[in-house]
Protein chains: 2
Amino acid sequence: MRQETIENYLKNIYHLSIGNKAIVGNFQLAEKLNIRPASVTEGLRKLHDLKYVIYEKSYGTRLTPIGAKLALTIVRRHRIWETYLAKELGFGWDEVHEIAEELEHIQNDKLINKLSELLGNPVYDPHGDPIPDEKGKIKKENFINLSSAKPKNSYKIRGVSDHSTVFLKYLEKHRLIIGAHLKIDSIEEFDQSLIITCNKKEVIISPKVADNIIVELL
Amino acid sequence: MRQETIENYLKNIYHLSIGNKAIVGNFQLAEKLNIRPASVTEGLRKLHDLKYVIYEKSYGTRLTPIGAKLALTIVRRHRIWETYLAKELGFGWDEVHEIAEELEHIQNDKLINKLSELLGNPVYDPHGDPIPDEKGKIKKENFINLSSAKPKNSYKIRGVSDHSTVFLKYLEKHRLIIGAHLKIDSIEEFDQSLIITCNKKEVIISPKVADNIIVELL
DNA sequence: ATTATTAATTAGGCATACCAAATTTAATAA
DNA sequence: TTATTAAATTTGGTATGCCTAATTAATAAT
């Protein structure tokens, strides 16, 4: 199996098992990998043989310790590159994801460690995601999705789940950036829209948008 | 055809047509690409269809303007990355080639231009090779191989043809680095070894080594 | 000019990573 | 419990990029 293929599978299994539940289904994984479920079945069987995952057919998949370690290596590479591109080269937070998607497959740990050092060993990337350290240790915070926040409470934006350019450009337009404070005024009963105050301005946010903003209760 | 495959073919055709002659043979190209001649025949037919090369069977191959442009893009990427790794991240000149071999396939011109700018738009990489500019324009110098240098003349080292770690470590050990001045004392008749003086020390150099050192007559 | 020799091509094959269509398995609702 | 629906798997197939072995073409040597 090509190294890049392995890495893309493991990375996405990792993200799915963090974001949703421990056991990952083929259908979701197929969507993330942009391939058909039939191909995923095949790929997972190989990754199982390679001891990267435990794949029980028609049930689900989870990472082995070996697989998790490699997954975290890729996540680290990705987030270090994103941080580097934004901080050192002046790319926008909406541009870095795509480039890092390629750079994360460069096989050289010394390179990543040098970049990390140059950046002062950052713990968060430009999207607010925690960067695993060299050993794969990653900060675990109990931030929540804005979509599950309660009215009248105040929150601080800590990150985003969607990294696409369109989404990030949208957030920027409304000044909904990492670190910003916001208060939930009310929740629209009809469609679950949030009416929030941020930067002294009222903004209405769709449930889909709220679902991709990560906040911390203040 | 995968982009990386295309790029590796074109890059190597470019290097062979500069170093040797305009028309490149399959056998040499196979060696450079580390694949068998039979596979090269197949690859070249495809590159011909894609208009990157003009391939005349059993005769040879040359780049089209389109192909040359892409080849120079790859060469630029490679050399910018090498310079970046050496100058900004402190990698040794013997380490950078391998890493750049991967990095050169990252598809983002803005990235390369930002790196170039950060470095002050360098014209030479750590091995003394000229870096093409954004338009593909590359400095053409008439340096010569040390192996074709004449006794009693003095030269300045301007570059190397082989970029392998072993070779570069060897040169470093003898202080035969870019910029160093040397004088050819004599040429051994028996095996064409060169007896040279560099940094006030006499060094004996094999023809193979001399063939991979590029010098300028002083 | 004929013969070696070396290079290039053809023919037939293999592994990877994907696919669509048909089928099976599991989960959910009636 | 059975019917319905959704997810996962199997089967058979494709394109890519390589390979070896056999053959043909070009080059060099006698």
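Everything numeric in this text was worked out from a predicted model, so none of it was measured. Throughout, protein chains are lettered first and strands after them, A, B, ... in sequence-line order, and every chain is numbered starting at 1. Side chains included, hydrogens not; waters and symmetry mates left out as well; all remaining heavy atoms used.
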| request: Mind calculating the distance between CD1 (B/Ile6) and P (D/dG17) to the nearest angstrom? | output: 8 Å
| request: Flag the pair B/Tyr52 / B/Lys46 as yes when at least one side-chain heavy-atom distance between them is below 4.5 Å, and no otherwise. | output: no
| query | To the nearest 0.5 Å, how far apart are CD1 in A/Ile74 and CD in A/Glu4? | reply | 10.0 Å
| Could you give the CZ-to-P distance, from A/Arg2 to D/dG17, as a whole number of Å? | 10 Å
| task | Taking only Lys NZ, Arg NE, NH1 and NH2, and the carboxylate oxygens of Asp or Glu, determine whether A/Arg77 and A/Glu7 approach each other closer than 4.0 Å. | result | yes
| Can you check the B/Asn26 CG to D/dC18 P distance for me, whole Å? | 14 Å
| query | Does a side-chain heavy-atom distance below 4.5 Å link A/Leu44 with A/Asn26? | reply | yes
| query | Closer than 4.0 Å, any side-chain N/O of B/Ser39 to the OP1 or OP2 of D/dC18? | reply | no
| task | Let me know the distance between OH of A/Tyr59 and P of C/dT24, rounded to the nearest Å. | result | 25 Å
| remark: From the candidates D/dC18, D/dT9, C/dC18, the one with an atom nearest any side-chain atom of A/Tyr55 is D/dT9
| query | Under 4.0 Å: is that the gap between some side-chain N or O of A/Arg36 and OP1 or OP2 of C/dA20? | reply | yes
| field | N or O in side chain of B/Thr5 less than 4.0 angstrom from D/dG17 OP1/OP2 | value | yes
| said: Working to the nearest 0.5 angstrom, can you tell me the gap between A/Glu88 CD and A/Thr83 OG1? | reply: 10.5 Å
| request: Please give the nucleotide sitting opposite C/dA30 as a Watson-Crick or G-U wobble pair, both distances under 3.5 Å, or none. | output: D/dT1
| request: Return no unless some side-chain N or O of A/Lys57 is found under 4.0 Å from OP1 or OP2 of C/dT24. | output: no
| query | Base, sugar-phosphate, or nothing: which does A/Gly43 touch, judged by heavy atoms less than 4.0 Å apart? | reply | nothing
| said: What is the distance, to the nearest angstrom, from the CZ atom on B/Arg45 to the C1' atom on D/dG17? | reply: 13 Å
| note | Separation of D/dC19 atom C1' from B/Leu33 atom CG, nearest Å, is 15 Å
| request: Find which nucleotide of DNA chain C each of A/Ala38 and A/Ser58 is nearest to by heavy atoms, and output the residue with the more 5' nucleotide. | output: A/Ala38
| task | Measure the distance from CZ on B/Phe27 to C1' on C/dA7 and round it to the nearest whole Å. | result | 8 Å
| request: Give a yes/no answer on whether the side chain of A/Thr41 brings an N or O atom under 4.0 Å of OP1 or OP2 in D/dT9. | output: yes
| request: Round to a whole Å and report the spacing from CG of B/Leu47 to P of D/dC18. | output: 11 Å
| query | So, is B/Lys46 close to the D/dG17 phosphate, meaning a side-chain N or O under 4.0 Å from OP1 or OP2? | reply | yes
| 5' precedence on DNA chain C between B/Glu42 and B/Val24 (nearest-nucleotide basis) | B/Val24
